[in-house]
Each structure stands twice: as structure tokens, then as C-alpha cells.
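Every chain is numbered from 1 and lettered A, B, ... according to where its sequence line falls, protein lines coming before strand lines.
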Protein chains: 2
Amino acid sequence: MEICPSNALPVRIGDKWTAWVVRLLEHGPRRFTELRKDMGRVTPKVLTETLRAMERDGMLTRTEFDEIPPRVEYELTELGHSLRALLDHTCAWTRENLPLIEAARRANDEADHARTA
Amino acid sequence: MEICPSNALPVRIGDKWTAWVVRLLEHGPRRFTELRKDMGRVTPKVLTETLRAMERDGMLTRTEFDEIPPRVEYELTELGHSLRALLDHTCAWTRENLPLIEAARRANDEADHARTA
DNA sequence: CGGGATCCATATTGATACTG
DNA sequence: CAGTATCAATATGGATCCCG
């Protein structure tokens, strides 16, 4: 799945991994390890922190099943889905404008380099 | 001027002060000290960093006038104004949803507290 | 006036190892 | 499987002082 470049710049939803989690949950509940495997390199600690923060803010629910081996599922709430809509919007903006930003950056860096040289 | 609560949660545009700068420049160019005075407590170092980063990304222009005492003006570019539009959108989302987030937070914190007690 | 330079406090993220 | 615990690295922001 392609995550939009919003992770690169310049709009951030929550902390570093929040947007990613929203994307991975947008089509239904997922398990801890599924999330972990689909997100670049997240340590379990950081993923747990992210999920707990999102749960606290009402963005998702955590459901623990009483089985062995254990199973826990995370699912977006309505509020979480509303956040997804906002994410879509910022992704659209980023897709449209990131090339302009990168062009400006290249131009400015080149100018700086010319002045230094 | 009332800045929207997006500084609090959960969407961030650029670094900590970027959104603030966009707001302060949306009606025209401003000078360094004007910006500084209107933004809570920013040290000149951090404000300079913020402005330089935004300039590099093509969000604003920096114009130096050859006068004594020195005068420098910062002004949003078209790209900067487009960022302002995105900011408006995220502010609207936040205004709508922040109460829900805070309610969820209170509810969860209360539940945790009850479990601890 | 508009910063630059230096040093410091803290928040955020990651690495690694271990467990009910 | 789904985490927790501990420790370390780093990025960010701030304090303070100084200068052309």
C-alpha cells in the first residue's frame, strides 16, 4: 500500500506514526503484529505508545480477546475515520504542492551553494 | 488575534511556529520584530530558524532594505497562501473535533483512575 | 533592528532484551 | 502474540549573551 508523502513534509498528524496507523486501519480492524509488520521499522514500544495515545484520544478502540495465543484488535472509531478524511485532504495538498516545495528548495540550495563557492 | 487551537492538537504544520507565522503574514508583509512580539515567547534564534526554513521551502520571501536602522520584511508567497488554505481546513476540523477528543480523553483518564483507585 | 553564537533542557524515537 | 523494561541516541526548542 502506498502511503502518501505526508510523512515527509510539511504537515503532521499526531506523532510520527499516527497517520500510518490510520491508513492501515481504514479498511477494518488489524492486529498488533500486522500493523508492526506493515509499518517500516517501528519498535513495539513506540507502536504501543502510538496506539495507546490514539486510544486515549478516542481515535481507535483496542479489543482484547481471551484466547491463547492472545489476540488484540485495533479498529478506528468514527472520530478516527474523521481524522482519515482530514488526512486525505492534507495528502491531496501535499501531492499537489510538494513538487513546488522541492523545486524551491533546490533553487535556494543552489543559490546558497553558488554564494559559498 | 485568535490563533486556532491547532497548535494544541493533533495536526501540525511544519514545526512548532510555522502555522503561527502563516497566520501573522496572511494579511501582508511584517517585520522580524513585529512577528516576534506577536508570537508568545519565541527566541530570536528559533524564529530565525523557522523563517529560514520557510524561505527555503518557498513559503515566504525575505526582503532586506538597505537602511539604517536595518529593515527586513517577510511576506507569504503564493505557496505560502496555499498553505494557509490548508491551515484553515485543519483548523476547521480541529474546532469541530477537539471537543470530542477531549471528552474521550477525560473518559479514558477517569476509567484509568477508577482502576488504579 | 535583526539577527548570530553558544550552551543547555527536554521530548521524541530507537535498540535491545525479556515475559505472561 | 502482544506486549514491557531499560537504556541510549538524537532532534527540537529554549536561555543567554553578543554584534554589525
Whole angstroms only, please: what is the [atom1]-[atom2] distance between [X] and [N]?
X	N	atom1	atom2	value
Glu34(A)	dC1(D)	CD	P	11 Å
Arg71(B)	dG2(C)	CZ	C1'	13 Å
Arg12(B)	dG13(D)	CZ	C1'	10 Å
Leu51(B)	dG4(C)	CG	C1'	14 Å
Asp66(B)	dG20(D)	CG	P	17 Å
Arg41(A)	dT16(C)	CZ	P	10 Å
Lys37(A)	dG3(D)	NZ	C1'	18 Å
Leu47(B)	dT12(D)	CG	P	17 Å

Q: Evaluate the ring planes of Phe32(A) and Tyr74(A), with Trp represented by its six-membered ring, and classify them as parallel (under 30°), tilted (30 to 60°) or perpendicular (over 60°).
A: tilted
Does the side chain of [X] get closer than 4.0 angstrom to OP1 or OP2 of [N] through an N or O atom?
X	N	result
Lys45(B)	dT6(C)	no
Arg30(A)	dC1(D)	no
Arg52(B)	dG4(C)	yes
Tyr74(B)	dG3(C)	yes
Thr33(B)	dG2(C)	yes

Tell me what [X] touches on the nucleic acid: a base, only sugar-phosphate, or nothing, going by heavy atoms under 4.0 Å.
X	value
Phe65(B)	nothing
Arg31(A)	sugar-phosphate
Arg36(A)	nothing

Q) When rounded to the nearest 0.5 angstrom, what distance separates CG in Leu87(A) from CD in Glu26(A)? A) 8.0 Å
Q: Between Thr43(A) and Thr48(B), name the one whose nearest nucleotide on DNA chain C is closer to the 5' end.
A: Thr48(B)
Q: With Val22(B) as reference, evaluate Met54(B), Met59(B), His81(B) under the side chain to side chain contact (heavy atoms under 4.5 Å, CB included) test and give the passing residue.
A: Met54(B)
**Q.** Per Lys16(A) side chain, nearest of listed nucleotides dA2(D), dG20(D), dT13(C)
**A.** dT13(C)
Q: Output the single nucleotide from dG14(C), dG14(D), dG3(D) whose closest atom is nearest the side chain of Val46(A).
A: dG14(C)
Q) Relative to the 5' end of DNA chain D, which residue comes earlier, Pro44(B) or Glu49(B), by the nucleotide with the nearest heavy atom? A) Glu49(B)
Q. Taking 4.0 angstrom as the limit, do Asp112(A) and Arg56(B) come out as a salt bridge?
A. no
Q. Just checking, any donor-acceptor pair under 3.5 angstrom between side chains of Thr50(A) and Trp20(A)?
A. no
